[in-house]
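Here is how names work: the chains are called A, B, and so on, in the same order as the sequence lines, proteins then strands, and each is numbered from 1.
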There are 2 protein chains.
Amino acid sequence: MARSTAQRVAMALRERIEGGELPPGTQLSEEALGRDLEVSRNTLREAFRLLIHESLVEHLLNRGVFVRVPTAADVTDVYRMRTALETAGVRAAATAPAPLRAAVAASVDEGERAAAEGDWRQVGSADLRFHRALAALAGSPRIDAAMDRLMAELRLAFHAMPSPHRFHQPFLQRNRVLAGLLEGNESARAEAELITYLDDARELILDAMREAGR
Amino acid sequence: MARSTAQRVAMALRERIEGGELPPGTQLSEEALGRDLEVSRNTLREAFRLLIHESLVEHLLNRGVFVRVPTAADVTDVYRMRTALETAGVRAAATAPAPLRAAVAASVDEGERAAAEGDWRQVGSADLRFHRALAALAGSPRIDAAMDRLMAELRLAFHAMPSPHRFHQPFLQRNRVLAGLLEGNESARAEAELITYLDDARELILDAMREAGR
DNA sequence: CTGTTGAGGATTGTTGAACAATACCTTAGC
DNA sequence: GCTAAGGTATTGTTCAACAATCCTCAACAG
């Protein structure tokens, strides 16, 4: 038992949330889940704290915890912070260790390979990995952790979209372009491209959310 | 009772930690603190989760929670992330709402006023407020929250310094310069100055930590 | 019909005690 | 001095109970 019970419970809930089994807005009842997962209410509450930290769920006093429902304002703000962290990575690209630079290129390859095979789920996760790799160029554990949380929030927002795969496809090519600029040490151009890239992506998501009636 | 018991307990502990009553490295015993604050162990543990989220304390499995002891690597990393967030604010300065821009100027004034009165504690907190105001120019709640956590961590690091006030003084003037550049909409120069500013500050802290033998 | 008020029931918040699991300290042996 | 075994203190988890709060829904007034 390397992990605590609370951590295992949190992991189980995380899978159910990201798998869509517990869609945004669902209340996580202490009694029902406790019975289901065979843990006490106290332990379950400890697990909730872990998920709150990842902003997968939110806690309303005396009302309980709910799977978060990202609003348009949330998406806008996530992209603001993403832009700050990813540009920080891009700026550090020239002096970043080779393995970190290689990770960027690798995620682009993976995305293209997955697209060729028609595995759109993989395309999406490769895209997230690409952006995480960009921010990771900064070489900062705290930036990495913050990116992880932002990506988790974004995955929640994707639940509100009709076809997430159609969303990722047009960005495959732009990922390739960005990676090329970084390999050529054209940091300034890469940064400018990244900013318009993220602006475009944000608008696409917001459009989709409006269409889905949120 | 607008806040939950756990939140009130967390607040009490936060004060004790930032006030130096519970210095870095101190173990927070569940039994002793529970008796002291007159809450049950379960509630105390919930309070711990809140402080863990603020990275004021850390939790080691089966060993308990301890007031965090920032290492040199922590300080370096905090400054990496600060740089990312504060430069994001500076870049958005030109288009930021007037109240946010006013907050920057106000914090510089406060720092100078406090210095004139010899209130070095106030100088320090005005300095932190200045940097928080810089990041806040980005207009992002998530960036604001992240900055709050970074500043809290930094306050912990200051505990290891002999005289924090001597540290803040030389930066009063540079704050004024930075604020001036922002008011003149010279974002690029402000950004460059901010980066060297943060590099210098980081080195001063690291030097102090080495001297204090950590 | 709209809006307000007030039980009643359900859920969360908190407590205290108990036991299990783990880490730390002490002692015994070599 | 070092390693191994055992005892003790602390944390991890469970359980049952009660208090506090919110939500529902019906009754009622305007």
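OP1 or OP2 of D/dG12 sits under 4.0 Å from a side-chain N or O of B/R45. The side chain of B/T43 contributes an N or O atom lying less than 4.0 Å from OP1 or OP2 of C/dT15. The phosphate of D/dG12 (OP1 or OP2) has no side-chain N or O of A/Q7 nearer than 4.0 angstrom.
Between the CG atom of A/L37 and the P atom of D/dT13 there is a distance of 14 Å, rounded to whole Å. Distance A/E30 CD to D/dT13 C1': 15 Å, rounded to the nearest Å. The distance between atom CZ of B/R35 and atom C1' of D/dT10, rounded to the nearest whole Å, is 13 Å. In this structure, CD of A/Q27 is placed 8 Å from C1' of C/dT11, rounded to the nearest angstrom. Between the C1' atom of D/dC23 and the CG atom of A/L60 lies a distance of 14 Å, rounded to the nearest Å. What separates CG of B/L50 from C1' of C/dG13 is a distance of 14 Å, to the nearest Å. Counting to the nearest Å, the P atom of C/dT12 and the CD1 atom of A/I52 are 13 Å from each other.
Mapping A/G64 and B/L44 onto DNA chain C via the closest heavy atom, the residue that lands nearer the 5' end is A/G64. Each of A/E46 and A/N62 lies near DNA chain D, and the nucleotide nearest A/E46 is the one positioned closer to the 5' end. The residue among B/L28 and A/R41 whose nearest nucleotide of DNA chain D is located toward the 5' end is B/L28.
Applying the 3.5 Å distance criterion, the base of D/dG12 shares no donor-acceptor pair with the side chain of B/R63. Taking 3.5 Å as the limit, the base of C/dG16 and the side chain of B/N42 contain a donor-acceptor pair of atoms between them.
Using a 4.0 Å cut-off between a side-chain N of Lys or Arg and a carboxylate O of Asp or Glu, A/R63 and A/E58 do not qualify as a salt bridge. Ion pair A/E31/A/R41 not flagged as a salt bridge, since none of the NZ, NE, NH1 or NH2 atoms sits closer than 4.0 Å to an Asp/Glu carboxylate oxygen.
Nearest nucleotide to the side chain of B/A6, out of C/dT11, C/dT14, D/dT11: C/dT14. Of the candidates D/dT10, D/dT13, C/dT15, D/dT13 carries the atom nearest the A/S40 side chain, counting heavy atoms from C-beta on. Of the candidates C/dT14, D/dG12, D/dT13, D/dG12 carries the atom nearest the B/H59 side chain, counting heavy atoms from C-beta on. Of the candidate nucleotides D/dT13, C/dT14, C/dT11, C/dT11 has the atom lying nearest to any side-chain atom of A/E31.
Ring geometry for B/H168 versus B/F158: interplanar angle over 60°, hence perpendicular rather than tilted (30 to 60°).
Donor-acceptor pairing under 3.5 Å is recorded for the side chains of A/D74 and A/T71.
Note: A/F48 and A/H53 fail the aromatic proximity criterion, with ring centroids not under 6.0 Å apart.
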